[in-house]
Amino acid sequence: MSIAENLHRIEQTLAGTNARLVAVTKTHPVALLQEAYDAGARLFGENRAQEMAEKQPQLPADVQWHLIGQLQTNKVKYIAGFVHTVQSVDSLKLLLEIEKQAAKHDRVIEGLLQFQIADEDTKTGLTLPEAEEILRSEQYRALRHVRLTGVMGIATNTEDEDQVRREFRQLRGYFDKLQALYFADEPTFKEVSMGMSADYPLAIREGSTLVRVGSAIFGRR
C-alpha cells in the first residue's frame, strides 16, 4: 500500500475518537515526508533534534513538529525556533533549557512529561514522585516559555495485550492524577501520547489523544 493509503487507513481507525496521528518520520527522506504531507499529515515526529532541524526548512511551514526521542539539553538549541512539542520531557534540567532557548525566540514550546511505564530497562522516563517533585518546584512555576500539556509513555514491546493495556491504563491514571492536582484550571493540559504502530489500537481504547505511528505508514527502513 502507498503512504497515502496507509495514512487514510489509520485516520479511519481514529475517526470518532479523541486521538490524533503523529506520523513518525525518523530516518525517512524528505521526499517521503512530503508524500505524507500531500496526503494530509501535519503532525510529524522525529527522534533526533539535528535530523529534525535538517528536514524542517524543506517542508511547508504548517507542519507541527514533535520531538519524541530522548532530548539532550545541548541539542535543544537546534529546534527551539520551530518545534511545537517536546514529548520526551524527563527532567527539570531539560525543562529549564527549553525555557532558556524558547525565550531567545520569544515563543512558547509545549511539552509532555515522559513516564517510564514499560517493563524494559531500555525505556526511560519519570516516576510519578519525580514528576510531582518537578511540578511542585519554584523553578517549574517560574517557567514562561514552556507549557506542559500532558504525558507520554512507551509500552513494553510484547505480544501480551493485557500487559500493554495495563501499562497504558497506568499512564492514563498518571495523567488523571496530575490533571486533578496540578492542572485543574488549565484546559491545555489534555494530551496522553501513547500507542505506536504495533499497539495504537489498544492505546486508543485506553484514552490516547496522540498516537505515534511510523512503520505502519512508511514501512520499515
Check your understanding: Got a second to check how far Lys93's NZ is from Asp90's CG, nearest 0.5 Å?
Key -> 10.5 Å
Point to revise | Smallest separation among heavy atoms of Leu71 and Ser88, with atom names | key: N-OG, 4.2 Å
Check your understanding: Between Glu206 and Arg169, is a salt bridge (Lys or Arg N to Asp or Glu O under 4.0 Å) present by the stated rule, with each step listed?
Key -> CA-CA 6 Å; Glu206 297 302 333; Arg169 223 165 277 157; 2.9 Å; yes
Review point. What pairs with Glu5 under side-chain hydrogen bond (donor to acceptor under 3.5 Å, both in side chains), at least two apart in sequence or on another chain?
Key: Ser2
Check your understanding: What is the ring orientation for Trp65 with Phe44, classed by angle as parallel under 30°, tilted 30 to 60°, or perpendicular over 60°?
Key -> perpendicular
Check your understanding: So which pairs with a foot in residues 99-131 pass ring-ring contact (aromatic ring centres under 6.0 Å, His included), sequence neighbours left out?
Key -> Phe115-Tyr174
Review point. Are Phe189 and Tyr182 an aromatic pair by the rule of ring centers under 6.0 Å?
Key: no
Check your understanding: For Gly111 and Val89, which heavy atoms make the closest approach, and how far apart are they?
Key -> CA-CG2, 4.2 Å
Exercise for review: Indicate yes or no: at least one non-hydrogen side-chain atom of Asn47 is less than 4.5 angstrom from one of Leu67.
Suggested key: no
**Study point:** Arg212 NZ/CZ over Tyr200 ring centroid, <6.0 Å and within 45° of normal
**Key:** no
Check your understanding: Between Gln72 and Lys75, is any side-chain donor less than 3.5 angstrom from a side-chain acceptor?
Key -> yes
Check your understanding: With sequence neighbours excluded, what pairs up with Arg166 under the side-chain hydrogen bond (donor to acceptor under 3.5 Å, both in side chains) test?
Key -> none
Point to revise | Interatomic spacing from CG in Leu95 to CG in Leu148 - rounded to 0.5 Å | key: 5.5 Å
Point to revise | Asp38, CG atom: more than 12 neighbouring heavy atoms under 6.0 Å | key: yes
Point to revise | Counterpart residues, salt bridge (charged side-chain N to carboxylate O under 4.0 Å, His left out), relative to Arg141 (two or more places apart) | key: Glu138
**Study point:** Polar side chain donor-acceptor pair, Glu46 to Thr25, under 3.5 angstrom
**Key:** yes
Review point. What's the spacing between Leu21 CG and Arg42 CZ if we round to 0.5 Å?
Key: 12.0 Å
Review point. Looking at side-chain heavy atoms only, is the closest gap between Thr85 and Leu210 below 4.5 Å?
Key: no
Check your understanding: Would Lys26 and Glu51 count as a salt bridge (Lys or Arg N to Asp or Glu O under 4.0 Å) if you check the C-alpha gap in whole Å, the side-chain angles of each, and the deciding distance to 0.1 Å?
Key -> CA-CA 8 Å; Lys26 61 179 184 178; Glu51 185 176 348; over 6 Å; no
Check your understanding: Can you name the residues that form a side-chain hydrogen bond (donor to acceptor under 3.5 Å, both in side chains) with Arg20, not counting sequence neighbours?
Key -> Glu191
Check your understanding: Given Glu167, which of Arg165, Gln163, Gln170 fulfils the side chain to side chain donor-acceptor pair (under 3.5 Å) condition?
Key -> Gln163
Review point. side-chain hydrogen bond (donor to acceptor under 3.5 Å, both in side chains) between Glu54 and Gln50: does it pass, once the steps are laid out?
Key: CA-CA 6 Å; Glu54 287 166 14; Gln50 281 154 295; over 6 Å; no
Practice item. For residues Gly214 and Ser197, report the shortest heavy-atom separation together with the two atoms involved. Key: N-OG, 3.3 Å
Point to revise | With sequence neighbours excluded, residues passing salt bridge (charged side-chain N to carboxylate O under 4.0 Å, His left out) with Glu120 | key: Lys123
